[in-house]
> 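Just dropping this structure here.
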Amino acid sequence: MASKVILYAEDHLKSMFRDCSTANASGFTISYRADSYDACAEKAVELAADVIIFQVTHPVYKIQNFFHDLAVFNISPILLIFNVISENEIAYSVTTHKDIHYMNQIKQYFTHALSPAYHCRFNYIGEEEDSNLIMDSRIKRLEKTEYLNDILRGVTNSEFLYYKKKAGLNLNNSGYYLYLWNLMEIEYADHDLNKNIYYFVGEEFVNECQEVLDEYGGGEAFYINPTRLCIMINDYDSVSQAGKQYKLLDIISKLNNVTNCKTAFRYMSGYIKNIEDIRSAYESFDRLKIYNFFCRDVKLITQEYVNSLRKEINYHYIDDMLREIRELINYDLFNPKLSELIKKLFLTIIKPSLNYNLYYYCHTSLLSTLSDKYGDLYNKKITDSNAPSQLYYSSIEQKCSEFIESLHLLKAELSIKNTVKNSIVFQAIEFIHQHYREDITVHFIASNLNISNSYLSQIFKKELGISIIKYIITYRIQKAKELIASSDELVCHVAARVGFFEVKHFSKTFKKVTGLSPMQYKKQNMKAGYI
């Protein structure tokens with residue numbers, strides 16, 4: 001059976017792979033030629049691809065987003081990454097795999113497709129001369145990185161000067177800023193399999209950051225660990241303080257553009273006069289990152305921003321607002337004022353407090369009120385998505401939206417119970433809720449209720465204003481949304497669990513109802529609990 005391959009590359013390279021697939025019985029076929037990393041990941045899920053071949057494009061942070069999407073979609077295809085490094089040379093790396101014969105077939109297919117125009121160099125560590133050169137280069141980078149990490153941990157000026165000379169560090173003798181980039185929703189659990197892929201991308205990422213530094217006044221970019229990048233920025237010499245500030249804003253803007261991963265937390269220190277003060281600036285990162293839950297909409301977090309955002313808590317005002325919200329939940333749930341009050345509580349009062357305890361207090365209070373009033377109808381638990389580790393990977397805006405969405409679902413359930421007067425229609429709805437996973441039809445439902453198809457269709461449309469078929473589809477998509485947002489199941493499995501037995505039909509219907517593809521919806525509502 002031919003392996004299914006997703007390809008993302010420049011158009012002329014796509015053509016070379018197409019010609020190779022046509023001319024060769026290699027066992028590999030290009031199932032989809034993607035135009036973006038997003039499309040690459042989505043089609044890999046939809047088609048259950050065995051291999052993804054993708055080219056390095058800039059900015060490199062988009063590849064980090066791509067890795068994140070693969071993790072969110074819970075798929076682990078074999079990855080082959082390549083970079084065009086000259087007019088006739090390509091460097092590439094590939095996933096480690098136990099089946100060496102299969103991996104060699106993939107590499108042969110890749111090199112054969114491009115061999116008419118390119119010499120393909122496999123970027124790996126081994127006993128051959130080329131691979132030894134790669135290892136030598138990596139060791140030099142690792143030694144330099146260890147010197148820089150030691151500087152972060154704290155060194156004397158003499159130690160710093162020694163490291164600077166030993167490794168040729170591009171750092172001034174005084175005056176720095178610290179810029180930290182931290183991937184908060186990606187953990188490389190598959191590092192043993194894709195280590196070389198991550199090195200390949202990481203080196204390109206560092207190079208992009210270093211290019212920005214070299215345009216400015218120099219500095220060093222290096223990895224502290226696979227998910228945290230540190231950038232030491234040299235202070236810029238200028239006779240004008242305004243000119244210096246302008247330059248600093250310019251480099252920050254360019255670094256933000258390079259490091260713009262959707263899951264990255266970015267921190268900038270204040271001015272660091274001496275190298276001995278680097279450690280305290282680095283330690284302040286861990287003190288500031290806890291505010292990410294309240295500051296996810298900020299491109300770059302600084303102590304100045306936190307200080308400007310924080311506001312005093314007026315507990316009497318909060319208790320009054322909670323009392324008003326609880327009264328609406330208990331006695332006037334359908335009042336449009338309820339959602340506005342909840343947004344005000346979360347985003348205008350809790351957010352600028354930067355206080356997790358206040359968030360827990362308000363959130364738990366409202367959940368308790370809903371549980372006490374509506375019991376099983378409100379299926380949210382008090383502890384649901386409320387663990388500190390999950391909050392860290394989320395945002396207060398997301399939690400506010402989730403809470404309001406849960407109220408909408410509750411109101412929908414209550415509407416059905418309160419508005420459906422016809423007992424037959426009510427029985428039909430309950431039957432659909434119990435059997436929506438099955439291949440139910442109007443005839444099947446009508447037979448179980450001992451009435452005719454036409455009569456069921458007629459009274460259902462009259463009672464609810466929509467056809468019974470549309471109701472079934474809407475209910476299935478609602479259940480699919482819940483599964484997609486709360487689990488790591490593949491789209492094909494979600495489709496089967498909600499009564500769709502053809503993935504393409506499910507994806508088309510899902511997009512028609514929600515305006516988003518299943519993968520797009522997953523990314524908008526992803527949970528961080530999979531780490």
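In this text, all values refer to a predicted model and were calculated from it rather than measured experimentally.
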> Which pair of heavy atoms, one from Met268 and one from Thr302, lies closest together, and at what distance?
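Heavy-atom minimum between the residues: O-CG2, 3.5 Å.
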> Whether the side chain of Arg279 engages the backbone of Arg153 through a donor-acceptor N/O pair (distance < 3.5 Å, no angle test) should be reported.
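Judged by distance alone, yes, a pair lies under 3.5 Å.
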> Below 6.0 angstrom between ring centroids: does that apply to Phe460 and Phe426?
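For Phe460 and Phe426, the ring centres are not under 6.0 Å apart.
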> Under 3.5 Å, is there a donor on one side chain and an acceptor on the other for Asn149 and Tyr223?
no
> Kindly assign one of parallel, tilted or perpendicular to the pair His363 and Phe346, based on the angle between their ring planes and the thresholds 30° and 60°.
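Geometry flag for Phe346 against His363: perpendicular rings.
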> Between Thr259 and Arg266, do the side chains contain an N or O donor and an N or O acceptor separated by less than 3.5 Å?
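Side-chain D/A pair, Thr259 to Arg266: present.
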> Taking Ser308 for the side chain and Tyr305 for the main chain, is one N or O donor matched with an acceptor at less than 3.5 Å?
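Yes: the side chain of Ser308 pairs with the backbone of Tyr305.
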> To the nearest 0.5 Å, what is the distance between OH on Tyr475 and NE2 on His433?
4.0 Å
> For Tyr236, is the NZ or CZ atom of Lys244 found under 6.0 angstrom from the centre of its six-membered ring and inside 45 degrees of the ring axis?
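The answer is no; the distance or angle limit is not met.
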> Taking the six-membered ring for Trp, are Trp181 and Phe205 parallel (under 30°), tilted (30 to 60°) or perpendicular (over 60°)?
tilted
> Take Asn355 and Tyr360, measure what side-chain hydrogen bond (donor to acceptor under 3.5 Å, both in side chains) needs, and give me the verdict at the end.
CA-CA 9 Å; Asn355 190 308; Tyr360 285 124; over 6 Å; no
> Between Tyr356 and Phe294, does the ring centroid distance fall short of 6.0 Å?
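That pair passes the under 6.0 Å test.
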> Under 3.5 Å, is there a donor-acceptor pair between the side chain of Asn234 and the main chain of Asn170?
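Yes, Asn234 side chain to Asn170 backbone: donor-acceptor pair under 3.5 Å.
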> First locate atom CD1 of Ile252, then atom OH of Tyr216, and finally report the distance between them rounded to the nearest 0.5 Å.
8.0 Å
> I need the single residue from Tyr32, Tyr8, Phe200, Phe66 that forms a ring-ring contact (aromatic ring centres under 6.0 Å, His included) with Phe54. Which is it?
Phe66
> Going by atom types alone, do Ser174 and Asn274 pair a side-chain donor with an acceptor below 3.5 Å?
no
> Does this structure show an ion pair linking Asp69 with Lys262, if we count only N-O contacts that are shorter than 4.0 Å?
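Here Asp69 pairs with Lys262 in a salt bridge, since their nearest N and O are under 4.0 Å apart.
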> Mind jotting down which residue pairs meet the side chain to side chain donor-acceptor pair (under 3.5 Å) criterion with at least one end in residues 335-347? Sequence neighbours excluded, please.
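Counting only pairs at least two positions apart or across chains, the side chain to side chain donor-acceptor pair (under 3.5 Å) contacts touching residues 335-347 are Tyr317-Lys344, Glu324-Lys337, Asp332-Asn335.
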> Between Ser365 (side chain only) and Cys362 (backbone N and O only), is there a donor and an acceptor less than 3.5 Å apart?
no
> For side-chain contact (heavy atoms from CB on, under 4.5 Å), just list the numbers for Glu220 and Leu213, CA-CA rounded to whole Å, side-chain angles, deciding distance to a tenth of an Å, and then say yes or no.
CA-CA 7 Å; Glu220 290 287 350; Leu213 291 174; 5.5 Å; no
> Is any side-chain N of the basic residue among Glu208 and Lys254 closer than 4.0 Å to the acidic one's carboxylate O?
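Not counted as a salt bridge, because no side-chain N and carboxylate O are separated by less than 4.0 Å.
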> Check the pair Phe265, Phe285 against side-chain contact (heavy atoms from CB on, under 4.5 Å), reporting the backbone distance first and the verdict last.
CA-CA 10 Å; Phe265 171 77; Phe285 164 73; 3.2 Å; yes
> Any side-chain to backbone donor/acceptor pair from Lys479 onto Val498? Under 3.5 Å, distance only.
no
> Between Asp250 and Lys247, does any NZ, NE, NH1 or NH2 come within less than 4.0 Å of an OD or OE carboxylate oxygen?
no
> Tell me, do Lys399 and Phe293 make a side-chain contact under 4.5 Å, heavy atoms counted?
yes
> Answer yes or no for Lys62 and Tyr37: cation-pi contact, defined as NZ/CZ to six-membered ring centre under 6.0 Å and angle to ring axis within 45°.
no
> Quick one, Cys230 and Leu148 - any side-chain contact, counting heavy atoms below 4.5 Å?
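Not in contact.
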> Quick check for you: to the nearest 0.5 Å, what is the distance between Leu407 atom CG and Ile329 atom CD1?
6.0 Å
> Are Phe510 and Phe500 near enough that their ring centres are under 6.0 Å apart?
no
> More than 12 heavy atoms of other residues, nucleotides or ligands under 6.0 Å from OH of Tyr271: is that the case?
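More than 12 within 6.0 Å, yes.
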> Give a yes-or-no answer on whether the side chains of Glu203 and Asn207 include a donor-acceptor pair shorter than 3.5 Å.
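Checked: Glu203/Asn207 side chains show no N/O donor-acceptor pair below 3.5 Å.
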> Would a distance-only check, ignoring hydrogens and angles, find a side-chain to backbone donor-acceptor pair under 3.5 Å from Thr364 to Tyr361?
no
> Does Leu338 form a side-chain contact (heavy atoms from CB on, under 4.5 Å) with Ile404? I'd like the steps, not just the answer.
CA-CA 9 Å; Leu338 178 59; Ile404 292 172; over 6 Å; no
> I need the minimum non-hydrogen distance between Glu463 and Asn422, along with the two atoms involved.
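So the minimum-distance heavy-atom pair works out to OE2-N, 3.6 Å.
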> Does one side chain, of Arg310 or Tyr291, offer a donor that lies under 3.5 Å from an acceptor on the other?
yes
> Is the shortest side-chain heavy-atom distance between Val212 and Ile251 below 4.5 Å?
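SC-SC contact between Val212 and Ile251 confirmed.
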> Is there a side-chain contact between Arg437 and Arg476, using heavy atoms and a 4.5 Å cut-off?
no
> Does Leu79 reach the side chain of Leu70, with side-chain heavy atoms less than 4.5 Å apart?
yes
> Would you indicate whether the side-chain heavy atoms of Cys400 and Leu345 approach each other to under 4.5 Å?
no
> Can you tell me how far apart CG (Asp320) and OH (Tyr315) are? Round to the nearest 0.5 Å.
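The OH atom of Tyr315 is 15.0 Å from CG of Asp320, to the nearest 0.5 Å.
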> Take Glu438 and His435 through the test side-chain hydrogen bond (donor to acceptor under 3.5 Å, both in side chains) and record every step on the way to the result.
CA-CA 6 Å; Glu438 304 166 24; His435 299 277; 2.9 Å; yes
> Do Asn194 side-chain atoms and Ile197 backbone N/O form a donor-acceptor pair below 3.5 Å?
no
> Just verifying a value: how many Å separate Ser368 OG and Arg326 CZ, rounded to the nearest 0.5 Å?
9.5 Å
> At their closest point, which heavy atom of Tyr61 faces which heavy atom of Cys261, and how far apart are they?
CB-SG, 3.5 Å
> What heavy-atom pair brings Ile151 and Ile278 nearest, and what distance separates the two atoms?
O-CG2, 3.9 Å
> Please report the shortest heavy-atom distance between Ile6 and Ala44, naming the atom on each side.
CG1-CA, 4.0 Å
> Compute whether any side-chain donor of one residue and acceptor of the other, for Ser36 and Asp38, lie under 3.5 angstrom apart.
no
> For the pair Arg287 and Glu283, evaluate side-chain contact (heavy atoms from CB on, under 4.5 Å) and give the outcome as yes or no after the intermediate values.
CA-CA 7 Å; Arg287 293 194 297 271; Glu283 288 176 341; 4.1 Å; yes
> Looking at side-chain heavy atoms only, is the closest gap between Ile272 and Tyr177 below 4.5 Å?
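Heavy-atom side-chain distance check fails, nothing below 4.5 Å.
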> Quick one: closest heavy-atom pair of Arg497 and Tyr436, and the distance?
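Nearest pair, atom of Arg497 first, then Tyr436: O-CE1, 4.1 Å.
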> Verify whether one side chain among Ser269 and Tyr282 offers a donor that lies under 3.5 Å from an acceptor in the other.
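No.
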> Would you give the length of the straight line joining atom CG of Leu328 to atom OG1 of Thr369, rounded to the nearest 0.5 angstrom?
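So the CG of Leu328 and the OG1 of Thr369 are separated by 11.5 Å.
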> With a 4.5 Å heavy-atom cut-off, do Met232 and Leu171 have their side chains touching?
yes
